[in-house]
Amino acid sequence: MNSGFWFLVVGSAAAATHMGVFELTKAHLLPELANAAGFCVAFVVSFAGHRRLSFQDADTSFWQSLRRFAATALAGFVANELMFVALLRGLALPDWLALFFALIFASAQTFLLSRFWAFRRRA
């Protein structure tokens, strides 16, 4: 199947995981830390799914993909967290809505870096 389709499926599963962990932890943590906790758990879902489904024809080793994807995901998380804080604190959006928009914002960057670097395809 198309890597874009699988990226959407895996990304949706990771986003749902991220939001679920956020919802479970936000009563006990600052929203920014609950967002980070969601990212950490969703990272595992995202890497496993992208490695096995979205970019299964990658011409990179498991460890090379993991290192590259970690850098990609961290860059995406920085973008996510900056947008989340701006929407939550600056515009006073509800936390779940701010997180939703932040996840969408960071997903395009993550796809491009994943497709062309972290899970580079065979020529």
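These values consider heavy atoms only, across backbone and side chains, with no hydrogens, waters or symmetry-generated copies.
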Counterpart residues, side chain to side chain contact (heavy atoms under 4.5 Å, CB included), relative to R52 (two or more places apart): none

F69 with F62, same ILVMFWY side-chain cluster at under 4.5 Å: yes

Residues which pass side chain to side chain donor-acceptor pair (under 3.5 Å) with N80, listed by chain and number, not counting sequence neighbours: N35

Quiz: residues 38-50 side-chain donor-acceptor pairs under 3.5 angstrom, not counting sequence neighbours:
{"residue": "S46", "atom": "OG", "partner": "H50", "partner atom": "NE2", "Å": "3.4"}
{"residue": "H50", "atom": "ND1", "partner": "S54", "partner atom": "OG", "Å": "2.8"}

S65: side chain to side chain donor-acceptor pair (under 3.5 Å) partners, not counting sequence neighbours: R51, T60

With Q109 via side chain to side chain donor-acceptor pair (under 3.5 Å) - residues at least two apart: none

Pair listing, salt bridge (Lys or Arg N to Asp or Glu O under 4.0 Å) test, anchored in residues 67-84, at least two apart: none

Apart from L82 itself, residues in the same hydrophobic cluster as defined by side-chain heavy atoms under 4.5 Å: V78

Same apolar cluster (I L V M F W Y, side chains within < 4.5 Å links), L74/L66: yes

ILVMFWY clustering at 4.5 Å (side-chain atoms), partners of L8: none

Quiz: residues 83-92 side-chain donor-acceptor pairs under 3.5 angstrom, not counting sequence neighbours:
{"residue": "R89", "atom": "NE", "partner": "E32", "partner atom": "OE2", "Å": "2.8"}
{"residue": "R89", "atom": "NH2", "partner": "E32", "partner atom": "OE1", "Å": "3.0"}
{"residue": "R89", "atom": "NH2", "partner": "E32", "partner atom": "OE2", "Å": "3.0"}

Same apolar cluster (I L V M F W Y, side chains within < 4.5 Å links), F22/L24: no

Same apolar cluster (I L V M F W Y, side chains within < 4.5 Å links), F101/V21: no

Separation of L99 CG from M19 CE (nearest 0.5 Å): 4.5 Å

Gap separating the NE2 atom of H18 from the CZ atom of F77, nearest 0.5 angstrom: 6.5 Å

Pair listing, salt bridge (Lys or Arg N to Asp or Glu O under 4.0 Å) test, anchored in residues 93-104, at least two apart: K26-D95

Where F7 and T110 come nearest, the two heavy atoms and their spacing: CZ-C, 4.2 Å

